Amino acid sequence: MILRRAAALVLAAGLLGATLASAQSGAPAVSAAAAPPTTRYEDRLIDGGTLAADDEALGAPYNPEGWARYWRVEGVASYYDQQGLITRENGFRLSGRIDTPQYGAVSADATLRVGPGSFIATLVQRDFAFDNRWRANNSLGVVTTLGIDLTRTQYRFYLPTFAALGGTTEWIRDADLQLQASVGEPGNFDGFRLSGFQSLHGTLSTVGAQWAFAPQWQAGAQYVDTRGVDSPYAVNGNGQVDSRAGYASLAWIGVSTRLQANVLASDASTDGLSVRANGIWLDGRTVWAGLTHNYGVFRLEPGLAWGYQPINNDIEGAYYRFAYSSLRWQMDGGIDLVDSVSGRGTNGTYLTLNGRYQLNTRMGLGGNGGYLKNGSQYAAQASVYGDLVWSQGVSRLQFSVLTNNNTPSNDAQQISLDHTWNMPAGTRLSTTINATRDATGSYASGDATVPGSTLRRVGVGLLGGGDITNNVSLDANLQYNLLTLNGSASGVYGNVNLNWRLSPQWSIIGTYYDNTDNTAQLFVLDPLIPVVNPLPTQRSRAVLLSIRYEDRAGSSVVPIGGRAGSPAGTIAGTLFLDLNDNGRRDPGEPGAPNVTVLLNGRFPTRTDESGRFEFPFVAAGAQTISVIPDNLPLPWAIGSPRFTVDVSARSTATLDIAARRIR
Amino acid sequence: MLVLAAAAVVPLRASAQQFAAMVSPPRFELEGRPGQTQRQVIEITNGDASPATYKLRTADWTLDDNAAVKLADELAKDSCRPWVALERREITVPAGGRYRFRFEVTPPPEATGECRFAVLVGGGAATVDAGQNISIPVNAQIAVIVYVTLPGAMPELSIVRTGVAERDGRQVPLLYVRNTGRAHGRLDGFLEGTDAGGRRIEFTPNGLPILPGETREIALNVASEADPRPAVTFPITIRGNLEWSGKSTPFEARFAP
């Protein structure tokens with residue numbers, strides 16, 4: 001096609017040759033020259049042309065026979081020390097994938113763990129296509145139950161999915177009909193590097209359907225039934241939950257407005273104590289006057305549950321959000337008004353405002369603030385910051401203040417300077433320096449008065465890495481906190497990863513993690529959760545060593561998302577909790593584990609305990625990464641759950657996804 | 001001389017029966033030091049199912065009025081290709097393999113200004129269907145553009161005139177920008193216009209390079225993610241700040257067809 005265009009240009013111009021070039025855009029050019037040039041300059045050669053070829057990257061012989069497939073076996077040995085509680089996790093992880101031409105993509109993952117013994121396995125088949133517009137996705141083993149799309153398109157409330165030992169099936173007809181069912185024994189993931197599954201016993205079943213029954217209209221329903229499930233919230237571990245919950249939703253999608261009405265009814269019984277509750281909420285989104293408006297009303301009765309999990313309940317109220325974006329401005333803000341349905345809870349108000357103005361292409365100023373009033377409790381936070389792009393990279397200077405009137409009260413101020421340095425290709429470096437004053441007020445305890453205290457902390461951090469040699473890369477996330485609090489010692493948070501590629505198939509990965517910093521993070525504001533003064537973090541450390549074998553084969557090169565002959569690379573990334581909300585990963589910001597990440601909506605993987613994920617064999621070009629945020633801890637969310645990544649052949653494209661606090 | 005025509009959008013991957021190469025990076029913008037050698041690497045990946053042989057050489061280049069690259073094999077008058085040394089002139093890359101091709105640039109001690117050249121990655125002969133039952137044997141190639149800026153070399157951009165012309169079926173406000181400096185520059189900045197309908201529309205200049213000594217047409221593109229993009233009703237007054245290489249200048253002009 002390209003060459004055809006080039007040749008056409010040759011003919012049109014009546015010239016000897018033609019080249020499609022784009023020096024202006026920076027893209028390489030493709031040319032079609034019909035005849036050799038008349039005179040050529042003879043290029044000089046390095047060392048007279050005797051420089052040895054860099055064979056390292058040429059790759060191993062490739063077996064082109066059969067369907068495209070990939071497999072990995074990893075032996076893991078690890079040691080964790082949390083406040084003196086020692087855990088040793090040793091075992092194996094196996095994963096494989098085969099892209100069949102007729103039966104969709106089939107992938108299998110298994111983890112065998114000794115220490116705390118466990119074996120989990122998952123078999124997934126996705127995109128099993130039929131002639132009559134239907135596609136099927138099926139999974140078996142330790143799975144995540146399914147939720148219809150409408151449960152995810154609400155703005156304010158989320159209905160969680162569940163981990164279960166069982167199976168799921170989903171049938172999709174184009175974009176207009178979705179049928180789902182899941183059944184299994186529910187449980188929770190545990191472990192660090194080697195995930196295990198902790199059963200809650202009993203059974204959990206879900207069925208759901210969604211139908212686009214008319215242009216601009218969608219309707220859906222989902223039912224969850226749990227029987228004999230151990231309550232994860234039981235105080236003495238004896239609570240057993242039987243529950244039924246039904247959800248129905250109706251959405252109208254206009255050109256600039258989207259409205260969605262939701263109802264939920266649940267009947268949950270814990271140890272025979274039954275609670276019936278209903279919930280109704282309406283979400284709207286309108287793009288008008290250059291602004292995006294989100295708004296809604298809600299009433300969720302006390303005791304409302306979804307499966308064996310309580311969800312937001314005993315609240316009623318309304319919310320409004322606006323967002324505006326232009327070349328120079330980014331603004332959003334909103335208000336939540338929340339009352340207790342029963343009167344036993346507290347009534348609250350939450351205000352938030354964020355703004356950023358781009359002075360020029362190099363400099364931007366911004367700020368954000370939030371105010372939460374919950375009964376007699378209030379809390380507020382405000383930050384201002386400046387961003388500067390300069391010859392050495394990107395800098396942000398930020399000042400934040402927080403205050404609340406908890407018992408004890410808490411006041412904090414923090415100033416920080418973050419910088420992402422311009423580095424040579426293959427290396428990366430971000431640094432941070434911050435100073436924090438965190439004061440806790442005095443309070444009465446019986447007849448005594450507990451005195452207040454003030455923590456002053458200066459922290460420096462480093463996040464970086466690079467290729468030490470062609471085969472060895474090192475990444476580190478280090479933070480050093482200097483403390484002044486009644487003689488407390490300084491603390492260090494450190495995470496170092498070493499990756500040594502022994503051959504195209506074999507590699508060794510080593511990780512050392514050490515946290516001797518037991519200071520608390522600053523508190524966060526969330527409209528639906530009372531402000532709690534954070535507890536000091538636990539001291540912990542870990543050592544991890546893994547030996548990995550991975551290989552691929554199949555008809556020439558048929559990578560994920562590609563076709564025969566397509567070059568392929570790797571997508572690797574981290575899903576992290578963006579503590580300072582600047583969109584970049586800074587030293588000390590933790591990863592989010594056990595979150596499902598999808599490549600092109602088709603191939604799943606799950607983040608490890610450090611929030612890392614990887615798709616090892618992906619077609620070069622633009623690929624889509626999406627996140628199913630169900631396992632993100634509250635109050636964190638992914639603003640935009642879809643990302644486009646440009647993958648280069650035999651290279652690793654990195655993607656750090658920032659989870660941000662719901663404001 | 002090869003005479004070249006330009007395409008507005010060129011995919012990174014060229015496909016032909018015997019030419020399926022991926023080249024990275026697509027462009028180098030280097031800072032050089034007189035008398036010092038720096039080595040760079042171009043990664044060449046063979047996406048074909050069989051081994052491929054590529055020929056590598058340098059070329060001089062300029063941009064024509066349509067911003068299309070014009071490559072030249074013979075040495076240009078002020079060519080810096082004698083500063084350049086390649087690893088070798090021909091490489092063979094296995095199917096699906098990647099080759100890290102190295103080249104060096106050594107500006108002489110008295111060198112000033114900016115050096116520009118291209119490294120051409122050429123493939124074997126392929127037959128191209130030109131339509132109307134005409135087939136032409138051609139050589140496919142990819143050009144990697146290299147800029148080497150020496151200390152003190154900076155662009156000096158000034159707006160010679162403004163205008164409006166039809167581009168891709170739309171009337172577009174244009175700037176004609178002259179570079180009197182010694183290095184290439186690219187115009188940037190935030191601009192806001194008020195059109196004849198009273199609507200406020202944001203614009204950004206396109207990022208075409210403006211080479212030293214030349215005057216280039218720079219389109220002001222509507223900065224909007226709306227689909228379709230808002231149509232501009234002329235006349236329109238556009239103001240704001242134009243930026244390049246750390247410099248900034250206020251700008252205000254009225255555009256009418």
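These values consider heavy atoms only, across backbone and side chains, with no hydrogens, waters or symmetry-generated copies. Quick caveat: nothing in here was measured; it's all calculated off a predicted structure. Numbers restart at 1 for each chain; the letters A, B, ... are given by sequence-line order, proteins then strands.
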For the [atom1] atom on [X], are there more than 12 heavy atoms of other groups (residues, nucleotides or ligands in this structure) within a distance under 6.0 Å?
| X | atom1 | result |
| --- | --- | --- |
| Arg199(B) | CZ | yes |
| Arg285(A) | CZ | no |
| Asp65(B) | CG | no |
| Gln38(B) | CD | yes |

Enter the distance from [X]:[atom1] to [Y]:[atom2] here, rounded to the nearest 0.5 Å.
| X | Y | atom1 | atom2 | result |
| --- | --- | --- | --- | --- |
| Arg102(B) | Ile46(A) | CZ | CD1 | 7.0 Å |
| Glu192(B) | Arg328(A) | CD | CZ | 8.0 Å |
| Leu327(A) | Ile201(B) | CG | CD1 | 12.0 Å |
| Asp43(A) | Arg88(B) | CG | CZ | 14.0 Å |

Task: For chain A, the option from Ala118(B), Pro82(B), Ala59(B), Ser248(B) that forms the most heavy-atom pairs under 4.5 Å - done: Pro82(B)
Task: When Leu56(B), Asp60(B), Thr58(B) are compared by non-hydrogen pairs under 4.5 Å with chain A, the top option - done: Thr58(B)
Side chains of [X] and [Y]: does their closest heavy-atom pair fall under 4.5 Å?
| X | Y | answer |
| --- | --- | --- |
| Glu104(B) | Arg44(A) | no |
| Asn360(A) | Asn241(B) | no |
| Asp73(B) | Tyr41(A) | no |

Where on [X] is there a heavy atom nearer than 4.5 Å to chain A: the side chain, the backbone, both, or neither?
| X | value |
| --- | --- |
| Phe203(B) | backbone |
| Trp83(B) | backbone |
| Phe101(B) | neither |

Task: Ionic contact status for Arg89(B) with Glu42(A), cut-off 4.0 Å - done: yes
